[in-house]
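Take a look at the structure below.
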Amino acid sequence: MITTTITSSLRDALEDLGVTPQPTVINLEQPANKGHGDWSSNIAMVTAKNAGWAPRELATEITKKINSALPEGIESVTVAGPGFINFTLSPLWLHNVLLRVLEQGITQFGQTDLGQGKKVNIEFVSANPTGPLHAGHARGACYGDSIANILQAVGFDVEREFYVNDRGLQMNLFADSLLARKAGDQVPENGYGGAYVEEWAQKMPDGLSQEEALSWGCEHAKEDQRKTLEMIGIVFDMWFSESSLVDSDAIDHTIRALEEKEATYEKDGAKWLKSTDYGDDKDRVLVKSDGEYTYLTPDAAYHRDKFSRSDWLINIWGADHHGYIARMKAAMEALGHDPEQLTVTITQLVKLVRGGHEVRLSKRHGEVIELREIVEEIGPDATRFMYLLQSVDTKQTFDLDLAASKVMENPVFYVQMAHARLRSIQAKAETLEMWPLPVDNANLSLLTHQRELDLLRDLYNFADVVQLSARELAPHKIAIWLRELATSVHGFYHDCYVIGDGVSQELTNARLQLVEAARTGLVSGLNLLGVSAPNSM
RNA sequence: GCCCUCGUAGCUCAGGGGAUAGAGCAUUGGCCUCCGGAGCCAUGUGCGCAGGUUCGAAUCCUGCCGAGGGCGCCA
């Protein structure tokens, strides 16, 4: 790694100069400003004070030392600003980046073994089986699937899981609503009044009992949700049924396990969890005075089950569930699990805008935008890319008109267009029988144009971006990187003709390799987001 | 009242303690005999407020202001 070369050269220089105390770590960063080189170290500023040096003076001495025997791959070392030491890499080194990208190809580019096969279970969407998925489920769906892709790319063994709340009060209300509609009656108080209920009721067979209607409704809803998710390329490994926890007595076992840990008590005819002992701000009821479980109890049993199958649990919940995190972690800790191995990511709300106005959602009046509608309106690629372009920590404003438009301000088209252009160059080269071409036949040292080097620098960063987005569970970093790479591709396309226009055959050959490397980057990044890379637009 | 997330350009958003805070769109002006002009280049404006930590803060800490969400024996 070039960064190791740089840090060890800094370390050697510091030792040669007899600087004490020596710094424990040497950090490098990639300056935002290209004029500051490829890598920069602040080590002189960090070390100077304790070692009794002036920062700039120390930086100058270090630079002299390194310049006296410049390591391979480094073109220059300079001092700048208050004492930064800036390293510029040689084009030769960047050409090795190209070789590595081509060697790894789309299937391996950016992949690492950070996860070392650790089993991670990602639970997301988990919508109630009482109706179609709506716009509110979309962000968590795209996000969850993308971090699943990313964690797979960095070496985790990933399971995608959907928890189905197929029992309890809401399900009973749903079944009653279907039956009422079937009989031509009004839905009961607090029932489900959406238009789809009417529609589904007509499809439901006659003469079902409440239990049968519940089961039919649940299956119908699950199937509807599964199909919608498939439209945007999301396929779950596991649909976990809440009622199966009743059948297997897992809920009672969980309560007993909590009792054995003396984490429960009885009060006012109910059974409580001493969650305050584990960091929650209130104790929580497990079994109500009427003998029913609260929502927490089956969910605790469910998480206990997941811990028996996985090393690390990730839950993706909507903003309205954040208050639930502390009690779930408390329940897991009480059961003897490490709450650190349960990560809950909260996705903030999305405001939909269409025609310049906010689209108001009112579940009560059955006015919801179904996820299916969004996908049909703007397509699966735009749906995923737009939701993933922004950090889920922030409220998002989602402009449906923009996402649907096939114009340049639509970022998904901008990125996909970059890919289509590269493919069209390759297609032309294929017609002329110039491509494919083994990379050994190309003279990469001809790639010296600023646009070409920009592309190589972007490609070099990909593995780091993937790792960072995995660590922070932040797929938007991939989306941002893709947009930057696309910018470099368009610039290259504009300024560096690959075929014709007086370009020598030798340069054409070298540039064709770069085209394939850039294409590899675009496809690899888009794959992590679950967005396609079309050959033409 | 308490808890969570957020507040960056006219708009939508990036910004892993560093240098002159970045993209895209919008504005204005350039660039098409040429691999797809669905593009490229140039162009002004900004870190909610006040303290603190640090050689250095948009970033970390505290308080305040503002936005959204949550504080049930609902799910």
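Excluded from the calculations below are hydrogen atoms, water molecules and symmetry mates; all remaining heavy atoms, backbone and side chain alike, are included. In what follows, every chain begins at residue 1, and chains take the letters A, B, ... in the order their sequences are listed.
- Using atom C1' as the reference point in both B:rC47 and B:rU43, the two lie 22 Å apart (nearest Å).
- The side chain of A:S424 approaches B:rC35 more closely than any other nucleotide in the set B:rC35, B:rG16, B:rA19.
- The partner of B:rA75 is absent, by the rule that a Watson-Crick or G-U pair needs both atom distances under 3.5 Å.
- Among the nucleotides B:rC55, B:rC73, B:rA75, the one closest to any side-chain atom of A:K49 is B:rC55.
- Nearest to the side-chain atoms of A:D320 among the listed nucleotides B:rC73, B:rG70, B:rA19 stands B:rG70.
- With hydrogens and angles disregarded, a donor-acceptor distance shorter than 3.5 Å links the side chain of A:S275 to the backbone of A:K282.
- When the P atom is compared between B:rA26 and B:rC41, the two are found 15 Å apart, to the nearest whole Å.
- Within the structure, every side-chain polar atom (N or O) of A:R511 is placed at least 4.0 Å from both OP1 and OP2 of B:rC35.
- Atom CG in A:L482 sits about 16 Å away from atom P in B:rG24, given to the nearest Å.
- Among the atoms of the strands shown, only primed sugar atoms or phosphate atoms (P, OP1, OP2) are found under 4.0 Å from some heavy atom of A:S391.
- Checking B:rA19, B:rC74, B:rC40 against every side-chain atom of A:L169, the shortest atom distance belongs to B:rC74.
- Taking the six-membered ring for Trp and thresholds of 30 and 60 degrees, A:Y196 and A:F174 have ring planes inclined between 30 and 60 degrees apart.
- At a cut-off of 3.5 angstrom, counting only N and O atoms as typed in the model, there is a donor on one side and an acceptor on the other between the side-chain of A:K395 and the base of B:rA67.
- If you check B:rG7 for Watson-Crick or wobble pairing at under 3.5 angstrom, you find it paired to B:rC65.
- Distances from the side chain of A:V285 to the nucleotides B:rG68, B:rG39, B:rC73 place B:rC73 closest.
- For A:Y493 and B:rG39, the ring-to-base geometry does not satisfy the stacking test (centroid distance below 5.5 Å, interplanar angle below 30°).
- Counting any heavy atom pair closer than 4.0 Å across all strands shown, A:D399 reaches no nucleic acid atom.
- Comparing B:rG16 with B:rU8, their P atoms are spaced 16 Å from each other, to the whole Å.
- Comparing atom distances between the A:S289 side chain and each of B:rC3, B:rA75, B:rC73 picks out B:rC73 as nearest.
- Remark: C1' of B:rU12 and CG of A:L389 are 9 Å apart, rounded to the nearest angstrom.
- Anti is the conformation of B:rC47, whose glycosidic angle sits further than 90° from 0.
- Closest to the side chain of A:R451, from the set B:rG72, B:rA75, B:rC41, is B:rC41.
- Spacing of P atoms, B:rG24 relative to B:rC6, comes out at 25 Å, to the nearest Å.
- In this entry B:rC55 has B:rG18 as its Watson-Crick or G-U wobble partner, both defining distances falling under 3.5 Å.
- With values rounded to the nearest 0.5 angstrom, A:I499 atom CD1 is found 9.0 Å from A:Q505 atom CD.
- With B:rA19, B:rC55, B:rA14 as the choices, the nucleotide that has an atom nearest any side-chain atom of A:H36 turns out to be B:rA19.
- A:I346 comes within 4.0 angstrom of no nucleic acid atom, judged by non-hydrogen atoms across all strands.
- Listed nucleotides B:rC4, B:rC35, B:rA75 differ in distance to A:V498; the shortest reach to its side chain belongs to B:rC35.
- For the OP1/OP2 pair of B:rC40 and a distance below 4.0 Å, the side-chain nitrogens and oxygens of A:Y414 include at least one atom meeting the criterion.
- Ring geometry, A:Y163 versus A:F240: the interplanar angle falls from 30° to 60°, so the pair is classed tilted.
- You'll find a donor-acceptor pair under 3.5 Å spanning the side chain of A:N86 and the base of B:rA19, going by distance alone.
- Of the P atoms belonging to B:rA9 and B:rU59, the separation is 15 Å, rounded to the nearest Å.
- A stacked arrangement is not assigned to A:H322 and the six-membered base ring of B:rG70, the conditions of a centre distance below 5.5 Å and an interplanar angle below 30° not being jointly met.
- Nearer the 5' end of RNA chain B, as judged by each residue's closest nucleotide, is the contact made by A:H476, out of A:H476 and A:Y497.
- When the P atom is used for both B:rA23 and B:rU5, the distance is 30 Å, rounded to whole Å.
- Comparing B:rU12, B:rA67, B:rC40 by their nearest atom to the side chain of A:D495 picks out B:rC40.
- As the counterpart of B:rA42, B:rU28 is assigned, both hydrogen-bonding distances of the Watson-Crick or G-U wobble pattern falling under 3.5 Å.
- Residue order along RNA chain B, read from the 5' end via each residue's closest nucleotide, puts A:S41 first among A:S41 and A:T487.
- The existence of a salt bridge linking A:K306 and A:E123 is confirmed by a sub-4.0 Å separation between a basic side-chain nitrogen and an acidic carboxylate oxygen.
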